[in-house]
Amino acid sequence: ALLDLAFDQLGSIQTIKRDKLQSTLTERISGLKLMAGLRQTQQAVEDLNLLGEANPDRTYPIGSGDYQRIHNRYDSQLKSYIAVNGFEDLYLIDRTSGNVMYAATQGEELGTSLATGRFRHTALARLWERVLRSGDVAFEDFSAYEPSGGRQAAFIGYPVLDLQGRVAGVIAARVSGEFINQIMPSRQGLGQSGESYLLRWLEAQKKFEMRSDIKTLGNGLYVIGYTLPRTPAYWHDAVTKGFDGGGGTYVDSAGTTVLVAFNTLDVLGTNWILVSKIDKGEILRPIWTFLLIICVTGAVLALMIAPG
């Protein structure tokens, strides 16, 4: 009965964390769409596009006085959006050439072309292409992002339209691993040994990658983007079960018997797996403590009533 209650709690925790993750991402996407539709954002893209069109035979002129004046006009509003939503960076990208016309943190990608430049093979470039191809919101999953020193980053993007309703550019937000870890507190509600975390099965490479950090194993090594050398059986069962989800009693990668629940989540067309687990020993510990108390109490009573 105690184990049944534990499985029920794991299922409840799965539901709460799944709903929190998906509702937070939905809110951020709605906010990005709203930002893309603001007249000030549309004007920023138009002004930046015109600056690039005035210099068609040169790299995008981020060092010019004209650029600085446009940048200063819109920078405060764009940075406020980042602060409110918890993103790591925000970009405005030209539709035609893929020029990164604005980057809030002014990183190495600023002024380069995502179509022909040195960062054309990055996740940001793939996102730009996907948004233009679909004309809708797009998501690019976590990978090492070269302009930020190889740190893991994901991206969401949406088209920015001109006043005639034509796609003029793309607005994109960079999502950090810290953002995911903050909206997915791994230990909450799972005692001393329990944890919830996210991972992704990469079919082409036949491997799992972490999509949130693991705190109970790995001594800080099992972070977003990491691939464990040995994967527990319940990860593979989670892939097989898919959106139906499931769980059971398993042995984890550290050799500990654990109770596990898992579900597959649709994160903007990308499948992530949510796993919650807790050591079986922690669940049963109250029973063993109770039995030990009974045994000790029985022994003491036996001594007390034993004939002198």
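Since this is a predicted model, take the numbers as computed values, not measurements. We number each residue from 1, following the sequence as shown.
In this structure, E146 and H121 have side chains that are not in contact, with every pair of non-hydrogen atoms separated by 4.5 Å or more. Contact check for T249 versus T257: side-chain heavy atoms found under the 4.5 Å cut-off. Using a 4.5 Å heavy-atom threshold, the side chains of L124 and I93 count as touching. Y81 has its side chain within reach of F87: a pair of non-hydrogen atoms, C-beta onward, lies under 4.5 Å apart. Within the 4.5 Å cutoff, no side-chain heavy atoms of L25 are placed close to those of L268.
Classification of the Y91-F155 ring pair by plane angle, with boundaries at 30° and 60°, yields tilted. Between Y67 and Y60, the ring planes are perpendicular. Angles over 60° get that label, and only those under 30° would be called parallel.
Each of L202 and Y145 belongs to its own hydrophobic cluster when Ile, Leu, Val, Met, Phe, Trp and Tyr are linked at side-chain heavy-atom distances under 4.5 angstrom. V45 is connected to L38 through a chain of hydrophobic side-chain contacts under 4.5 Å among Ile, Leu, Val, Met, Phe, Trp and Tyr, so both are in one cluster. The hydrophobic cluster containing V251 does not contain V275, counting ILVMFWY residues as joined when their side-chain heavy atoms lie under 4.5 angstrom apart, directly or transitively. Under the 4.5 Å side-chain heavy-atom criterion for Ile, Leu, Val, Met, Phe, Trp and Tyr, I273 and V223 are members of distinct hydrophobic clusters.
Side-chain N or O atoms of N181 include one that pairs as donor or acceptor with a backbone N or O of D213 at under 3.5 Å. Looking at R130, its side chain does come within 3.5 Å of a backbone N or O of F139 through a donor-acceptor pair. Distance alone, capped at 3.5 Å, places no donor-acceptor pair between the E109 side chain and the P147 backbone. Panel note: side chain S212, backbone Y197; no donor-acceptor pair is recorded below 3.5 Å. In this structure, the side chain of E209 does not engage the main chain of L228 through any donor-acceptor pair within 3.5 Å.
Nearest approach of V137 to S134, heavy atoms of both residues: O-OG, 4.4 Å. Here the closest non-hydrogen pair linking A104 and D89 is N-OD1, 3.0 Å.
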Cut-off 3.5 Å, no hydrogens considered: what does the side-chain donor-acceptor table look like for residues 156-171, sequence neighbours left out?
{"from": "D162", "atom 1": "OD1", "to": "Q164", "atom 2": "N", "distance (Å)": "2.9"}
{"from": "D162", "atom 1": "OD1", "to": "G165", "atom 2": "N", "distance (Å)": "3.0"}
{"from": "D162", "atom 1": "OD1", "to": "R166", "atom 2": "N", "distance (Å)": "2.8"}
{"from": "D162", "atom 1": "OD2", "to": "R166", "atom 2": "NE", "distance (Å)": "3.1"}
{"from": "D162", "atom 1": "OD2", "to": "R166", "atom 2": "NH2", "distance (Å)": "3.3"}
{"from": "Q164", "atom 1": "OE1", "to": "R166", "atom 2": "NH2", "distance (Å)": "3.3"}

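Checked by atom type, the side-chain pair S276/Q14 shows a donor-acceptor distance below 3.5 Å. For Y102 and D75, the side-chain atoms include at least one donor-acceptor pair closer than 3.5 Å. For the residue pair S97/N99, the side-chain donor-acceptor check at 3.5 Å is satisfied. Side chain to side chain, D279 and T256 fail the donor-acceptor criterion of an N or O pair below 3.5 Å.
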Under the side-chain contact (heavy atoms from CB on, under 4.5 Å) criterion, do H236 and T240 qualify, and how do the steps go?
-> CA-CA 6 Å; H236 298 277; T240 302; 5.6 Å; no
Would you sort out whether K215 and Y222 count as a side-chain contact (heavy atoms from CB on, under 4.5 Å), showing the intermediate values?
-> CA-CA 8 Å; K215 306 293 186 183; Y222 299 166; over 6 Å; no
Verdict with reasoning, D141 to R211, per side-chain contact (heavy atoms from CB on, under 4.5 Å) = CA-CA 9 Å; D141 200 3; R211 288 296 177 262; 3.0 Å; yes
Derivation of the side-chain contact (heavy atoms from CB on, under 4.5 Å) call for F142 and W272 = CA-CA 11 Å; F142 281 97; W272 286 359; 3.9 Å; yes
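In this structure, R58 places its CZ atom where only 12 or fewer heavy-atom neighbours from other residues, nucleotides or ligands lie under 6.0 Å away.
Remark: D47 pairs with Q43, I70, R73, Y74 by the side chain to side chain contact (heavy atoms under 4.5 Å, CB included) rule, at least two apart or across chains.
A salt bridge is defined here as a Lys NZ or Arg NE, NH1 or NH2 lying under 4.0 Å from an Asp or Glu carboxylate O, and K241 with D237 fails to meet this definition.
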